[in-house]
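First the structure, in the form of structure tokens, and then the observations on it.
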Amino acid sequence: MPLRDSSDTLSQEAVHVIVRAQQEQRLDQRRRAESARKIQVWWRGTSEARRVKSQLRAEFDVQSGPSVAWTRLLVVGWSGGEADKQRLARWSQTMLLNGQVGLLGPFSTNEAASWLVLTRQVSVLLLKDIAATPKSPQARSHLQVLFALVSPTCPAASRIMGYLIDQGLYPYISTAIRVLDDKSAPALPILCSLITAPFSIFGSGSDRYSTALFSVFQHILTIPRLPNRLPLTSITQFAGQLPWASLGAIPVSLLVQVTDLEAKAHLLANMVVFIPPRMQTLPALAVSTYLEASASILDSLPPDGLEPVSKVSMVTSWNIKEDSDDPDSEQHVQKAPAPPPPRLKLDTTTFTRLQTVVSPGHIASLVAKTSNNTGLRVQLCRFFLSLSSAWLAKRDQVLSSIVFSPNGPTLIKEVWRGWVRRASLGKSSPTGIEALKDPSRQELWPPLLFLVETYTHLLRTMTDDEFFSTGGSRSGTPGSQPLLLDEVAQFSKQILNIVFPLYWNEDQMNVREDSVPGLPSMKWETARDKMTRCLKAIHARDLRRKFTSEDHWLMTSEIDMQSFCEAAIFEERNLDRTSDRTLSKRQMAYISPRLGVLNNIPFAIPFSVRVEIFRDFVANDMARVDAPGPDGGAVGYHCTIRRDHIAKDGYDTLNGLGPKLKRRIRITFIDQFGNEESGIDGDGVFRDFSTSLSKEAFDTDRGLWLATRQQALYPNPHSYARESHQLSWYRFIGRILGKALYEGILVDVSFATFFLAKWLGKQSYLDDLASLDQELYQGLISLKHYDAESIKDLSLNFTVTDNGTLELGETKTINLLPNGANIPVTKENRMQYIYMVSNYRLNVQMKQQSEAFFEGLSDVIDSKWLR
């Protein structure tokens, strides 16, 4: 066969292209024809349907009287227009006029099956029209027909109600109630009856029953201000007929998942209206569901989302941020302002109603109901933790309602002995990471952290006498010590065994992102902070009066001290070169596990080791500071000081150096005759200068310092000590003391513990007030044990007189809370008053002086070195 040339090949390919194009064209024509045919069929069908529906509607209009055929005309001819709605209104009115014979009679005939189908369909039409126009004249007749169809006298009530539930009974009712703004609306009583009707139709164990109950919580109890929308008789009926005892059938996780943020808040507000009054009669499973649902809702809300916007900025907690001595305070860290959390758009009535959640009465009822029930106690602990985390402004109020209630000591003792002491958490030394993260132990965490929170709060106003007097005359009274001392020691050891690995294994725990098992809204970081505060509070008591063994707080058996020291020094050196020196303790833990231990739980490391590390920190810093200058020698400063004007000349020549005071300082003394004193230029002369200057600067006759009965110094709280020049002197004295520590020079001065606590990040206690103001201390101690009537007779309010102005002939009243002058002290809030008064005396009134002193001290001694 001869070969074809290229032109023949191209021609053949061209033919194939033409053929394929023609095939596609024919296929497209057939598709168009088929589509046209379908459209024509649809149009003819639609036109015929319209014609038939129009004919059916016309037949409906000319007929009258209830019958299956007449109802069929309505349902089949329905198109949803306004005219159809008028026909539906005529139908329902006609049915009511003919009584049960016309509505229920067909169920007894051979047309019962058809009538069931028709009544279910027409019921949905009635329900939709009610939701759309609940204020219309026909809404009441529609509701009456619906209620008759689901009443016990209707043979098909269960099948009609089941169909309505499937078709959205509760969403439609919810829509109708939200539209009705008048309690006298005739539709409301029947709507309330329809809400509870399924619970008399279906058995409590059936799926329909459970679905209806779930829908009530999802769609009805999320209606804003529900009790305010219903007439009193309807509220009583609704509350009485709703099966609160069956709450245990509600899947809480699904309920919270399908409900939006503001609906959750309304659900909580409505639950606290209806459930707490019935708390004591509810079965354990129902109470458990209530606690679980409340906790889950609280976990999902933004911080302080339940607090009115106007009150969020007000100080309502015991801690005053700007004066806080909280060990985790980051108030001195320069950070960009965080965006505000999302605010819930709730009405005033809802905000007010939500106050029930944190009310002492509600808390007391929960504590009483959950007694002697292990499962409920765990749920109660989780609820309180969620409440205090979600509603920060009410956290102290909640904790006070628990620990200072008549049952408070008993509850704390019960949680310790019944759960925490028996739990495996913290029993090993230290607890392994895997054990901490083990999800099978999630039931152990809520009781432990609840005990941590409540016991820490209790210690804030517990005196040392009360702490160490267990089983005394006041044992079991509100605010007293609920645990034996050996139990406190065991409890603190458990916490230490948990906290230590949380710092030591910071990188492996992912404390910022991962949650504590059983507490999805609480990060490891938050739990660690809570346990650290509790440990420090107990350790402070142990320092004042030893009740634990010598090595109780030490973790020396778990780590090699030599390696720890070397690693801590290395980490601090790198940190000093790369980071801002104003890092908080929490930030320190992120960057360096060893420095995290030293700055947060230093007592876990022996004191001698900490002193060694401190000296190494200083030595490293000295090596950096005393690096040779351009001429090869160390950079330093020379000062001439008159022997009889040591403080003034020292202030004038050295105060301006600030952090440069770390460098070598050469002192030349001038005697009273103007001659230079002979002496070796070295540490001896500067040591003489530091000792003499400290003796003069800390002299209480100079007015900057006062002494307690134990001759321990603290800043003078009087107003003149807060003048700018005096504050500058405080900074200078702080720098000189820092220089002495830096050089290892012993300074013979003793500071009050409450003053040192501010710099070391420790908590000041009520007992510290005794050394500052014995009379005030005794008065506050007496107030702790007064009855309600005696407290009322004192006419106290949340104010305090500023002692700093008394000697100047002035009296200045300070509000401890916003509008404190109008907030009376009562038996319920007296502990808050005691704490805030002692906090003001110990911290607030000498805040500026203390900050100036520590600012100067920190110029030379990094605060993280001494923590």
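Just so you know, these numbers come straight off a predicted model, no measurement behind them. Numbers here simply count residues along the sequence, with the first being 1.
Between N228 atom CG and D181 atom CG the span is 13.0 Å, to the nearest 0.5 Å. From S123, atom OG reaches atom NZ of K128 across 12.0 Å, with rounding to the nearest 0.5 Å. Summarising the geometry, atom CG belonging to L194 is positioned 8.0 Å from atom CG belonging to L127; distances are rounded to the nearest 0.5 Å. Once rounded to the nearest 0.5 Å, the distance linking CD1 of I495 with OG1 of T456 reads 7.0 Å. In this structure, the separation between OG1 on T352 and CZ on R225 is 11.5 Å, given to the nearest 0.5 Å. One distance of note links CD1 of I402 with CG of L458; it measures 11.5 Å at 0.5 Å rounding.
D529 and K523 are not joined by a salt bridge, as no carboxylate oxygen comes within less than 4.0 angstrom of a charged side-chain nitrogen. Under 4.0 Å is where a charged nitrogen must lie from a carboxylate oxygen, and between E453 and R395 at least one such pair does. Ion pair D396/R460 flagged as a salt bridge, since at least one NZ, NE, NH1 or NH2 atom sits closer than 4.0 Å to an Asp/Glu carboxylate oxygen.
When all heavy atoms of P446 and L519 are compared, the closest pair comes out as CG-CD2, 4.1 Å. When all heavy atoms of P186 and R140 are compared, the pair lying nearest together is O-NH1, 3.2 Å. What you find for E262 and K345 is that their closest heavy atoms are OE2-N, 3.1 Å. Across Y835 and T461, no two heavy atoms sit closer than the pair CB-CG2, 3.9 Å. Across V358 and S401, no two heavy atoms sit closer than the pair O-OG, 4.4 Å. Considering every non-hydrogen atom in both V273 and R353, the closest pair reads CG2-CD, 2.9 Å.
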Audit row: S193, Q237, side-chain hydrogen bond (donor to acceptor under 3.5 Å, both in side chains) steps and yes/no: CA-CA 8 Å; S193 298; Q237 175 190 350; 2.9 Å; yes
Verify side chain to side chain contact (heavy atoms under 4.5 Å, CB included) between S158 and M161, making sure each step is shown before the conclusion. CA-CA 5 Å; S158 61; M161 177 58 78; 5.9 Å; no
Using the side chain to side chain contact (heavy atoms under 4.5 Å, CB included) rule, take Y172 and D129 through it: C-alpha gap first, then chi angles, then the decisive distance, then the call. CA-CA 9 Å; Y172 286 127; D129 194 52; over 6 Å; no
Test side chain to side chain contact (heavy atoms under 4.5 Å, CB included) on L291 and V287 and set out the steps. CA-CA 6 Å; L291 290 171; V287 176; 4.2 Å; yes
Could you go through the side chain to side chain contact (heavy atoms under 4.5 Å, CB included) check for E487 and R417 one step at a time? CA-CA 9 Å; E487 291 179 316; R417 296 179 181 175; 2.8 Å; yes
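Side-chain contact check for K530 versus M522: some heavy-atom pair is nearer than 4.5 Å. Taking the side chain as every heavy atom from C-beta outward, V415 and V378 never approach each other to under 4.5 Å. With contacts defined as side-chain heavy-atom distances shorter than 4.5 Å, the pair W445/L436 qualifies. Between I275 and M279 there is a side-chain heavy-atom pair separated by less than 4.5 Å. Annotation: side chain of I160 is in contact with side chain of L116 (closest heavy-atom distance under 4.5 Å). Within the 4.5 Å cutoff, the side chain of R382 has heavy atoms near those of the E292 side chain. A 4.5 Å side-chain heavy-atom check between T259 and H219 finds every atom pair outside the cut-off. Put simply, the side chain of L146 reaches to within 4.5 Å of the side chain of L164, judged on heavy atoms.
With hydrogens and angles left out, the side-chain atoms of T826 and N829 include a donor and acceptor closer than 3.5 Å. There is a side-chain donor-acceptor pair under 3.5 Å between T350 and D347. S184 and D182 form a side-chain donor-acceptor contact under 3.5 Å, judged by distance and modelled atom types alone. Under 3.5 Å, the side chains of T370 and R377 contain a donor-acceptor pair of N or O atoms.
Under a 3.5 Å cut-off, the side chain of Q218 and the backbone N or O of L255 do not form any donor-acceptor pair. Listed for the R528 side chain is a donor-acceptor partner under 3.5 Å among the backbone atoms of L502. Using modelled atom types, no side-chain atom of S174 and backbone atom of Y170 make a donor-acceptor pair closer than 3.5 Å. Remark: the backbone N or O of A364 is not paired with any side-chain donor or acceptor of N407 at under 3.5 angstrom. No donor-acceptor pair under 3.5 Å is formed between the side chain of S400 and the backbone N or O of Q397. Put simply, the side chain of H142 never gets that close to the backbone of L126: no donor and acceptor are under 3.5 Å apart. Between the side chain of R208 and the backbone N or O of F202 there is no donor-acceptor pair closer than 3.5 Å. In this structure, S515 contributes its side chain and P520 its backbone to a donor-acceptor pair below 3.5 Å. The main-chain N or O of L230 is never found under 3.5 Å from a side-chain atom of S234 such that the two would form a donor-acceptor pair. In this structure, K264 contributes its side chain and Q257 its backbone to no donor-acceptor pair below 3.5 Å.
For F238 and F274, the gap between ring centers is short of 6.0 Å.
Around the CG atom of D207, the shell of radius 6.0 Å holds no more than 12 heavy atoms that belong to other residues, nucleotides or ligands. Atom CG of D260 has more than 12 heavy atoms from other residues, nucleotides or ligands within 6.0 Å.
Between F491 and Y455, the ring-plane angle classifies as perpendicular under the 30° and 60° cut-offs.
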